[in-house]
Each structure stands twice: as C-alpha cells, then as structure tokens.
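In what follows, a structure is listed as structure tokens, so that the remarks can point back to it.
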Protein chains: 2
Amino acid sequence: MLTIKEVTELTGIAAPTLRYYEKEGLLPHVKRNESGKRLYDEEDLSWIHFVTALRATGMPIAQIQKYVYLYKEGDSTISERKRMMLHHKKEIEKSIRELYFNLDKINYKLALYDVLESQIERTSIKI
Amino acid sequence: MLTIKEVTELTGIAAPTLRYYEKEGLLPHVKRNESGKRLYDEEDLSWIHFVTALRATGMPIAQIQKYVYLYKEGDSTISERKRMMLHHKKEIEKSIRELYFNLDKINYKLALYDVLESQIERTSIKI
DNA sequence: CCTTGACTTCAAGTAAACTTTATCTCTTAT
DNA sequence: ATAAGAGATAAAGTTTACTTGAAGTCAAGG
C-alpha cells in the first residue's frame with residue numbers, strides 16, 4: 001500500500017490532482033488508514049494509469065465519470081463500457097488523422113521557408 | 001472581398017471567433033469598408049486556414065501572436081519563424097506518438113472486453 | 001510537551017479560449 | 001421615413017481542468 005506522496009513520485013501526478021480525481025469519482029475504492037490518510041494499492045495504480053491514458057487522449061472528466069459509474073454497476077454494464085471504449089478509440093484515431101492532416105500544412109509552410117531561405121542566399125551571392 | 005458572414009460559412013469559424021482572433025492580432029491586415037465592416041480577401045482566408053491549423057494542432061494563441069508579430073517584422077525574422085514551425089512540427093509528432101501510445105492501452109482494454117464477453121457467452125451456454 | 005511534516009477538507013482562484021450580452025451604427029427594403 | 005438585418009465594440013460570462021490557499025488533524029522526533 002502506497003501513500004499519496006509515493007504515488008505522485010511514481011506517476012508524476014500531483015497530489016491535489018489525485019484528490020480531485022478521487023472526489024470526482026474517477027478512482028473507485030481508494031482506501032484510507034485509521035487516521036483517514038489515503039492508501040493506494042496495485043488496482044488503484046492501474047486505475048490511475050487508465051484514467052491518465054483517457055485524459056491524455058482527450059476524454060473529458062465527465063465521460064470518465066460515467067465510465068466509472070458503469071463499472072461500479074457491475075457486469076451488466078460491460079457491453080456499454082465496451083461501446084464507450086470503442087467510440088473513444090475512434091475519436092483517438094480521428095484526432096491522429098487530423099493531426100497528420102494539419103502536420104502536412106506545417107510541412108508545406110516549412111518547405112516554403114526552405115525556398116525563401118535559398119532565395120535570400122542566392123540574392124546575397126549576387127550582391 | 002468577402003464579408004464576415006461569408007467567411008463563417010466558408011470556414012465554419014464563428015464570427016465572434018474571427019473578431020477575437022483579429023483583436024488578438026492573429027489575423028494581420030484585415031481590411032474594412034467605408035462604414036467599418038470587415039472585408040476578407042484571399043490572403044486573409046489563407047491566414048485563417050493557417051491559424052486554424054496551428055490551433056488544431058495545439059499551438060496556444062500567445063505563440064501564434066508571436067509568430068504573426070515576427071511576420072510583421074519582415075524578412076529579417078524568417079529564420080526565427082522557420083525555427084518556430086520546426087519546433088511546432090516536432091510537438092505535433094510528439095502528440096501523435098503519445099496518442100498512438102495511449103491508443104494501445106485502449107486497444108488492450110478492448111481486448112479484455114472481448115475476453116470478458118466470450119466468457120459470459122460460454123457461461124450462458126452451460127446453464 | 002510541542003513542534004514539524006505529511007496529510008486532510010473545503011472553498012476560492014487560475015488559465016485559456018472562446019462565447020454571450022448589451023448597446024450602437026449603418027444600409028437597405030417597404 | 002422607418003423598421004429589419006448585418007455588423008461593430010467592449011465588457012462580462014462560460015467551460016474545463018486543475019491549482020492554490022486556509023485551516024485543521026495526527027503521528028513521530030527532539
């Protein structure tokens with residue numbers, strides 16, 4: 001069982017953020033010791049990693065809340081949770097496609113700069 | 001020359017957002033007619049598309065402001081602008097890599113759901 | 001004992017990027 | 001001549017996701 005400090009060191013997530021996630025219901029079943037301090041086990045850690053992956057891929061807190069709520073409901077919600085993940089997978093793939101699409105535009109801009117710089121170079125030689 | 005309404009229809013960007021971008025200095029040289037209404041030409045449109053690409057790839061407004069400021073300074077800032085674009089290109093590539101990395105985790109989760117569902121199916125058949 | 005350090009809670013504050021609202025002006029169709 | 005519709009400005013409001021601050025609790029070390 002890890003303290004909140006150990007978890008911040010292990011995950012890089014700030015303690016207030018961990019508390020915030022828990023308060024918002026993103027981290028089910030985090031335990032406490034006798035005096036009320038948080039204790040994280042392996043399962044908590046894997047929830048944290050999972051939530052982090054969802055956040056890093058743009059899933060809003062509210063949607064993760066809903067997912068965790070379904071998780072708590074038990075096995076009867078498995079197909080809905082799977083549907084959520086499938087949908088999110090498609091959203092990530094869409095984000096990646098859009099990033100590539102816009103990356104192309106940046107690369108085009110960079111190519112223009114190459115042309116511009118070589119023009120300036122040639123001009124300088126002429127002078 | 002297009003009115004702001006025509007530009008919103010062409011680009012899908014709301015009029016207040018176009019005004020906001022201009023006020024923040026992201027759109028240089030947008031002209032006005034005699035009565036003060038905005039008129040956009042081809043160059044304005046390509047700025048709008050460029051700014052949109054930068055925003056869609058996560059560049060903050062403040063950084064775009066700086067870029068446009070450099071652009072207004074003239075040719076002497078070409079190498080710095082190119083450096084900015086190169087840096088941003090690397091940031092986009094990093095985002096893409098991170099999305100793929102986290103997509104893997106989602107796919108792993110989905111695979112778990114497949115296993116779970118087939119288990120439930122088999123259990124049902126047994127009963 | 002008592003102070004220090006690591007927690008706790010709750011409320012308020014922050015940052016970024018828009019968006020909305022209120023008020024005003026101008027052009028045009030009736 | 002006037003009412004509607006498009007557009008302008010400035011200021012305030014909204015949303016999302018944290019982050020910070022204030023105030024209190026508790027166990028351990030000097």
Side-chain angles (χ1 to χ4, degrees), chain A residues 1-27 29-41 44 47-69 88 91 95 98 102, chain B residues 1-27 29-41 44-45 47-69 88 91 95 98-99 102:
Chain A
M1 297 292 259
L2 304 167
T3 66
I4 199 165
K5 191 178 195 186
E6 288 164 332
V7 173
T8 68
E9 283 158 1
L10 224 61
T11 62
I13 300 168
T17 306
L18 288 170
R19 295 193 195 100
Y20 166 70
Y21 281 175
E22 187 183 337
K23 199 184 69 180
E24 294 300 311
L26 310 190
L27 302 176
H29 49 57
V30 174
K31 300 287 184 305
R32 304 294 180 108
N33 71 8
E34 329 73 47
S35 60
K37 300 191 175 173
R38 288 172 178 80
L39 288 177
Y40 299 83
D41 62 16
D44 295 320
W47 268 105
I48 291 169
H49 288 308
F50 182 49
V51 166
T52 302
L54 294 178
R55 289 292 306 119
T57 49
M59 184 181 282
I61 299 282
Q63 211 173 326
I64 306 178
Q65 270 171 349
K66 188 185 168 188
Y67 180 90
V68 176
Y69 169 78
H88 187 53
E91 291 288 307
S95 302
E98 285 172 4
N102 287 301
Chain B
M1 298 292 258
L2 304 167
T3 65
I4 198 164
K5 190 178 196 187
E6 288 165 330
V7 173
T8 67
E9 282 159 2
L10 223 63
T11 63
I13 300 168
T17 306
L18 288 170
R19 295 193 194 100
Y20 166 71
Y21 281 176
E22 186 183 337
K23 200 184 69 180
E24 294 298 312
L26 309 191
L27 304 176
H29 50 58
V30 173
K31 301 288 185 304
R32 303 296 180 105
N33 72 7
E34 329 74 44
S35 61
K37 298 192 177 175
R38 289 171 177 80
L39 288 177
Y40 299 82
D41 62 15
D44 295 320
L45 271 186
W47 267 105
I48 291 169
H49 287 308
F50 182 48
V51 166
T52 303
L54 294 178
R55 289 293 305 119
T57 49
M59 185 182 280
I61 299 282
Q63 212 174 325
I64 306 178
Q65 270 171 350
K66 188 185 168 187
Y67 180 90
V68 176
Y69 169 78
H88 187 52
E91 292 288 309
S95 301
E98 285 172 5
L99 282 179
N102 287 300

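Note on naming: letters A, B, ... go to the chains in the order of the sequence lines (proteins, then strands), and numbering restarts at 1 for each one. Excluded from the calculations below are hydrogen atoms, water molecules and symmetry mates; all remaining heavy atoms, backbone and side chain alike, are included.
- Each of Ile61(B), Ile48(B), Val30(B) was scored for a side chain to side chain contact (heavy atoms under 4.5 Å, CB included) with Tyr21(B), with one residue passing: Ile61(B).
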inquiry  = Treating primed atoms plus P, OP1 and OP2 as sugar-phosphate and everything else as base, which nucleotides of nucleotides 25-30 of chain C get B, S or - for protein heavy atoms under 4.0 Å?
reply    = -SS---

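- Residue pairs satisfying the side-chain hydrogen bond (donor to acceptor under 3.5 Å, both in side chains) criterion with at least one member in residues 49-63 of chain B, sequence neighbours excluded, are listed as follows: Thr57(B)-His88(B).
- Summarising the geometry, the separation between NZ on Lys31(B) and P on dA8(D) is reported as 15 Å, rounded to the nearest angstrom.
- Among the atoms of the strands shown, base atoms are found under 4.0 Å from some heavy atom of Arg19(A).
- Between Leu39(B) and Met1(B), the closest heavy-atom pair is CB-CE, 4.0 Å.
- Sorted by first and then second residue, the salt bridge (Lys or Arg N to Asp or Glu O under 4.0 Å) pairs with a member in residues 9-22 of chain A read Glu22(A)-Arg32(A), Glu22(A)-Arg38(A); sequence neighbours excluded.
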Chi angles and distances behind the side chain to side chain contact (heavy atoms under 4.5 Å, CB included) call for Leu45(B), Thr11(B) = CA-CA 9 Å; Leu45(B) 271 186; Thr11(B) 63; 4.1 Å; yes

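- To the nearest angstrom, P of dC10(C) lies 12 Å from CD of Glu22(A).
- Here the closest non-hydrogen pair linking Val51(B) and Leu27(B) is CG2-CD2, 4.1 Å.
- Taking five base pairs at each end of the helix from dC1(C)-dG30(D) to dT30(C)-dA1(D) and finding the rotation axis that steps the C1' atoms of four pairs onto the next four gives two axes whose angle is 30°, to the nearest 10°.
- In this structure, Glu6(A) contributes its side chain and Thr3(A) its backbone to a donor-acceptor pair below 3.5 Å.
- Of all heavy-atom pairs spanning Ser95(A) and Leu99(B), the tightest one is CB-CD1, 3.9 Å.
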query = Reading nucleotides 10-24 of chain D from the 5' end, what letters show protein touch, with B for base, S for backbone sugar-phosphate only, - for no heavy atom under 4.0 Å?
reply = -------BBBB----

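- For the pair Arg38(B) and dA8(D), the criterion of a side-chain N or O lying under 4.0 Å from OP1 or OP2 is met.
- Rounded to a whole Å, the CG atom of Leu39(A) is 9 Å from the P atom of dT8(C).
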ask   = Would Tyr40(B) and Leu18(B) count as a side chain to side chain contact (heavy atoms under 4.5 Å, CB included) if you check the C-alpha gap in whole Å, the side-chain angles of each, and the deciding distance to 0.1 Å?
value = CA-CA 11 Å; Tyr40(B) 299 82; Leu18(B) 288 170; 3.9 Å; yes

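- Across all their heavy atoms, Trp47(A) and Leu26(A) have their closest contact at CE3-O, 4.0 Å.
- Closest of all the heavy-atom pairs between Asn102(B) and Ala56(A) is ND2-CB, 3.6 Å.
- Inter-residue side-chain proximity for Ile13(A) and Val7(A) is flagged as unmet; no heavy-atom pair is nearer than 4.5 Å.
- For the pair Gln65(B) (side chain) and Glu24(B) (backbone), a donor-acceptor distance under 3.5 Å is present.
- Rounded to whole Å, atom P of dA16(C) lies 12 Å from atom CD of Glu24(B).
- Residues from residues 1-11 of chain B with heavy atoms under 4.0 angstrom of DNA chain D, sorted by number: Thr3(B), Ile4(B), Lys5(B).
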